[in-house]
Amino acid sequence: MIEKDSLLQIGDLFKPHGYKGEMKCDVPFSPDLFADPEQAFFVEQDNILVPFFVESARGTDEATSFLKFADVDSDLEAARLFTKKKLFADKTYVASMAGMDVEEFELASQGMKGYEVIDAGSGKRLGVVDDIEEGIEYPYLNMIKDIDGEQIGIPYVEDMVTEIVEAGEADGHGKIFVNLPEGFLEI
């Protein structure tokens, strides 16, 4: 039996769409997350996490997706199984799809609000993380720039985020070291 601690809630299922069992849902990830037909996704039913496999997925915007689960072929069956349910996926799988290990992914999805963003090359402070936003392909660090107070999204990818230092007792602030392309902050 799968432990809920090893899963991440990745979205909410709303209602059937059409008549062939497709579900409208809020999943702020790319439909590529559902590309592996052997990857199980989980829906909690009667306090039990039940695995389902996605037959097809398509997105309409950054959050709204339509999922067709394998072996669910009618809107009535989809409504009974999935309406107003939460959708879960294995943390390790979701992290790997984001190009991170589980620890990096958990840090990215937890509160890093207030972490200082430091240029890895110069050591100069660039700003402070305001929040983390799940994007279609990967999460974004929304940073308030020190220069002008504007907010900018930094893709949370290995090429840009080079190191994370958790908040210490001495300074009380976590630090995120970044390697941004030239001119990135001027965009």
Side-chain angles (χ1 to χ4, degrees), residues 1-115 129-142 153 155-158 161 164 166-167 174 176:
M1 188 161 136
I2 189 112
E3 294 293 324
K4 198 167 187 177
D5 290 351
S6 68
L7 300 177
L8 173 72
Q9 182 185 339
I10 60 168
D12 295 295
L13 300 168
F14 294 124
K15 62 181 184 174
H17 177 77
Y19 60 91
K20 294 184 179 180
E22 194 174 54
M23 289 296 297
K24 182 177 181 181
C25 54
D26 180 17
V27 179
F29 293 94
S30 165
D32 293 344
L33 182 68
F34 305 101
D36 182 352
E38 296 180 16
Q39 179 60 46
F41 294 88
F42 298 85
V43 176
E44 195 168 24
Q45 297 180 347
D46 299 323
N47 295 317
I48 298 171
L49 290 161
V50 180
F52 290 92
F53 298 90
V54 174
E55 187 175 291
S56 65
R58 60 188 175 93
T60 58
D61 59 35
E62 285 191 15
T64 303
S65 295
F66 296 95
L67 300 178
K68 166 72 175 78
F69 292 95
D71 301 322
V72 177
D73 296 318
S74 75
D75 61 336
L76 293 175
E77 187 177 11
R80 181 181 62 78
L81 292 170
F82 305 122
T83 298
K84 296 184 180 176
K85 302 279 184 172
K86 296 185 181 321
L87 183 64
F88 297 87
D90 179 75
K91 280 182 191 176
T92 305
Y93 175 71
V94 176
S96 71
M97 292 297 289
M100 300 179 217
D101 64 31
V102 174
E103 185 178 300
E104 288 175 313
F105 186 79
E106 285 179 337
L107 278 172
S109 29
Q110 292 173 2
M112 284 195 279
K113 186 173 183 167
Y115 274 46
V129 174
D130 185 44
D131 72 353
I132 307 292
E133 182 177 322
E134 294 294 333
I136 291 177
E137 302 272 335
Y138 35 75
Y140 286 87
L141 300 171
N142 285 327
Y156 192 98
V157 294
E158 195 173 325
V161 177
I164 297 173
E166 291 190 49
I176 300 171

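The shown structure was predicted, so the numbers you read here are calculated from the model rather than taken from an experiment.
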Within-4.5 Å side-chain heavy-atom neighbours: [X] and [Y]:
X: Ser65; Y: Arg58; value: no
X: Lys4; Y: Phe88; value: yes
X: Asp71; Y: Phe53; value: no
X: Tyr156; Y: Ile176; value: no

Distance, nearest 0.5 Å, that separates [atom1] of [X] from [atom2] of [Y]:
X: Leu87; Y: Leu13; atom1: CG; atom2: CG; result: 5.0 Å
X: Phe52; Y: Gln45; atom1: CZ; atom2: CD; result: 4.5 Å
X: Phe41; Y: Asp36; atom1: CZ; atom2: CG; result: 8.0 Å
X: Ile48; Y: Ile2; atom1: CD1; atom2: CD1; result: 14.0 Å

What is the minimum heavy-atom distance between [X] and [Y], and which atoms define it?
X: Lys91; Y: Asp5; answer: NZ-O, 3.0 Å
X: Ala40; Y: Phe42; answer: O-CE1, 3.8 Å
X: Gly153; Y: Pro155; answer: O-CD, 3.7 Å
X: Ser6; Y: Glu3; answer: OG-O, 2.7 Å

Which residues pass the side chain to side chain contact (heavy atoms under 4.5 Å, CB included) test with Ala57, not counting sequence neighbours?
Pro31, Phe34, Val54, Leu67
Residue list, side chain to side chain contact (heavy atoms under 4.5 Å, CB included) with Ser56, at least two apart or on another chain
Lys68
Exercise answer: donor-acceptor pairs, residues 78-86 side-chain atoms, under 3.5 Å, sequence neighbours excluded:
unit_1 : atom_1 : unit_2 : atom_2 : d
Thr83  : OG1    : Ala79  : O      : 3.0

If only atom types and distance count, is the side chain of Asp90 paired as donor or acceptor with the main-chain N or O of Thr92 below 3.5 Å?
yes
Aromatic plane relationship, His17 with Phe66 - under 30° parallel, 30 to 60° tilted, over 60° perpendicular
tilted
